[in-house]
Enquirer: 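Quick one: the structure is below, questions incoming.
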Amino acid sequence: MSTVKTRVLEDGQGRRAAFDDIEIGHSLGEMEWQVTDDLVDLQCQLDQDFDPMYFLQGEGGKRVAPPQITYRPPRWLFSRAYNVRGLFVRWESESFRAIEPNTTLKVTGTIVDKFVKKDREFVVYQAEGHDAQGNLVFRTKRTHVLDFVERSAPREGAGIDSGIKPEKI
Amino acid sequence: MAVIDEGVGAGYALPTVSKKFRLEDFKRGEEKTIHTDYEAAAREGLPAPVAIGPQVAALTFRQLRLSFGAGWVVGGRYDLTFRKPVFVTDFCVARGAVTRVEPEGDKLRVHCDVWVENQKSEKVIAGTASGLVPAAATNG
């Protein structure tokens with residue numbers, strides 16, 4: 001199996017978003033994200049991190065989610081707006097409050113930049129999560145390269161994997 | 001229990017966290033993705049399936065959680081660059097070192113350089129991170 005020197009044109013979710021389609025300042029909208037015990041369990045399993053903070057201990061005990069549980073909701077917002085596969089290349093984040101299960105966060109996002117570097121196309125988006133009281137819980141900025149293959153390669157053919165995924169961890 | 005306290009100084013080496021990845025670590029049901037399927041990866045120009053970035057970065061997050069405990073969960077910051085693809089059977093180790101300490105409110109913010117190396121000792125992720133630790137109690 002040889003690798004190709006073309007960029008994927010489309011996949012099962014339709015045409016891939018082109019660099020020119022992506023607009024700086026474009027809102028990625030918002031979503032209500034329910035954090036459940038099951039989600040926290042799954043995140044710990046994926047990361048193989050079973051620190052006692054992340055699990056209930058004793059009656060009246062509290063657990064918190066690993067901060068990186070916030071990875072996916074901003075990506076889902078990005079995918080709702082644009083069909084982008086590509087690769088994740090930079091991840092900035094800050095945690096302001098602990099995330100507890102059985103809470104709902106409002107996550108909003110915006111495209112904040114795009115640029116070309118080393119013949120590849122990059123998009124930067126940022127997102128914030130607020131709790132029901134309006135407190136800022138996390139803020140993140142992500143940089144995503146649209147294709148692993150250089151932008152000088154033509155777009156043609158179909159990809160197997162779309163960046164648009166079921167919205168679950 | 002955090003391993004870093006107010007006595008930490010620049011140069012302190014963070015605990016290492018390592019993992020030998022397997023393709024199965026990245027499977028979600030039967031879906032064919034660039035993380036699990038050679039043909040899906042090849043169509044994107046990749047020589048082999050690549051690891052899911054956040055699952056590799058999780059080595060760094062475990063390292064920082066070990067280092068700061070609750071001061072990672074609230075107050076943790078990071079800026080990580082994924083410099084090279086990690087392939088799904090790579091071995092990776094997260095390393096890091098304290099670079100400086102500064103007061104922040106009634107706590108101390110401990111800044112670190114962090115990175116993840118693969119089995120060839122290539123830095124596949126590199127960046128900075130920080131967490132909070134309690135400042136030393138003072139007697140009035």
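First the proteins, then the strands, lettered A, B, ... as listed; each starts at 1.
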Enquirer: Check whether any side-chain heavy atom of A:Leu46 lies under 4.5 Å from a side-chain heavy atom of B:Arg28, and answer yes or no.
Expert: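 Yes, their side chains come closer than 4.5 Å.
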Enquirer: In terms of hydrophobic clusters joined by side-chain contacts under 4.5 Å, are B:Val93 and B:Phe82 together?
Expert: no
Enquirer: Within a radius of less than 6.0 Å around NZ of A:Lys117, do more than 12 heavy atoms belonging to other residues, nucleotides or ligands occur?
Expert: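 Not buried by this count: 12 neighbours or fewer within 6.0 Å.
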Enquirer: Given a strict heavy-atom distance threshold of 4.5 Å, which part of A:Arg16 is in contact with chain B: side chain, backbone, both, or neither?
Expert: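 Side chain only.
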Enquirer: At a heavy-atom distance under 4.5 Å, which candidate from B:Thr81, B:Leu66, B:Leu80, B:Thr36 has the highest pair count against chain A?
Expert: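 If we count pairs closer than 4.5 Å to chain A, B:Leu80 comes out on top.
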Enquirer: Is A:Phe138 close to chain B through its backbone or its side chain, or both, or neither, when contacts mean heavy atoms under 4.5 Å?
Expert: neither
Enquirer: Counting only heavy atoms not in A:Arg80, do more than 12 sit closer than 6.0 Å to its CZ atom?
Expert: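 Buried by this count: over 12 neighbours within 6.0 Å.
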Enquirer: For the OG1 atom of A:Thr140 and the CG atom of B:Asp79, what is their distance to the nearest 0.5 Å?
Expert: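 So the OG1 of A:Thr140 and the CG of B:Asp79 are separated by 10.0 Å.
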Enquirer: A quick test of your reading: do over 12 heavy atoms of other residues, nucleotides or ligands sit less than 6.0 Å from CD of A:Gln34?
Expert: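 Atom CD in A:Gln34 is not packed in, count stays at 12 or less.
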Enquirer: Need one label for B:Ala57: side chain, backbone, both or neither, based on atoms under 4.5 Å from any heavy atom in chain A.
Expert: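 B:Ala57 touches chain A through side-chain heavy atoms alone.
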Enquirer: Relative to chain A, which of B:Asp37, B:Asp25, B:Ile125, B:Val74 shows the most heavy atom pairs under 4.5 Å?
Expert: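 So the answer, after comparing B:Asp37, B:Asp25, B:Ile125, B:Val74, is B:Val74.
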Enquirer: What are the two closest non-hydrogen atoms of A:Val8 and B:Arg43, and how far apart are they?
Expert: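 Smallest heavy-atom distance, with atoms named: CG2-O, 3.3 Å.
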Enquirer: Do any of residues 87-97 of chain A come closer than 4.5 Å to chain B, heavy atom to heavy atom, and if so which ones, in number order?
Expert: A:Leu87, A:Phe88, A:Val89, A:Arg90, A:Trp91, A:Glu92, A:Ser93, A:Glu94, A:Ser95, A:Phe96, A:Arg97
Enquirer: Considering non-hydrogen atoms only, spot the tightest contact between B:Val73 and A:Pro67 and give its length.
Expert: CA-CG, 3.8 Å
Enquirer: Between CG of A:Asp47 and CZ of B:Phe61, what distance do you get to the nearest 0.5 Å?
Expert: 8.0 Å
Enquirer: Quick one: CG on A:Asp51 to CH2 on B:Trp72, what's the gap to the nearest 0.5 Å?
Expert: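 One finds 13.5 Å between CG of A:Asp51 and CH2 of B:Trp72.
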Enquirer: Are B:Val101 and B:Leu132 connected, step by step, through hydrophobic side chains (Ile, Leu, Val, Met, Phe, Trp, Tyr) whose heavy atoms are closer than 4.5 Å?
Expert: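 B:Val101 and B:Leu132: separate clusters.
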Enquirer: Hydrophobic clustering (ILVMFWY, side-chain heavy atoms < 4.5 Å, transitive) - are B:Leu46 and A:Ile160 grouped together?
Expert: no
Enquirer: In terms of heavy-atom pairs under 4.5 Å with chain A, which of B:Val50, B:Ile34, B:Leu59 leads?
Expert: B:Ile34
Enquirer: Is there a path of hydrophobic side-chain contacts, each under 4.5 Å between heavy atoms of I, L, V, M, F, W or Y residues, that connects B:Trp115 with B:Val56?
Expert: no
Enquirer: Using non-hydrogen atoms and a 4.5 Å limit, figure out which bit of B:Arg65 sits close to chain A: side chain, backbone, both or neither.
Expert: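 Interface part for B:Arg65: side chain.
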Enquirer: What do you reckon, is NZ of A:Lys141 surrounded by more than 12 foreign heavy atoms closer than 6.0 Å?
Expert: no
Enquirer: According to a hydrophobic-cluster definition based on side-chain heavy atoms being under 4.5 Å apart (Ile, Leu, Val, Met, Phe, Trp, Tyr only), do B:Tyr78 and B:Val3 belong together?
Expert: yes
Enquirer: With heavy-atom distances below 4.5 Å as the criterion, would you say the side chains of B:Glu44 and A:Val149 are in contact?
Expert: no
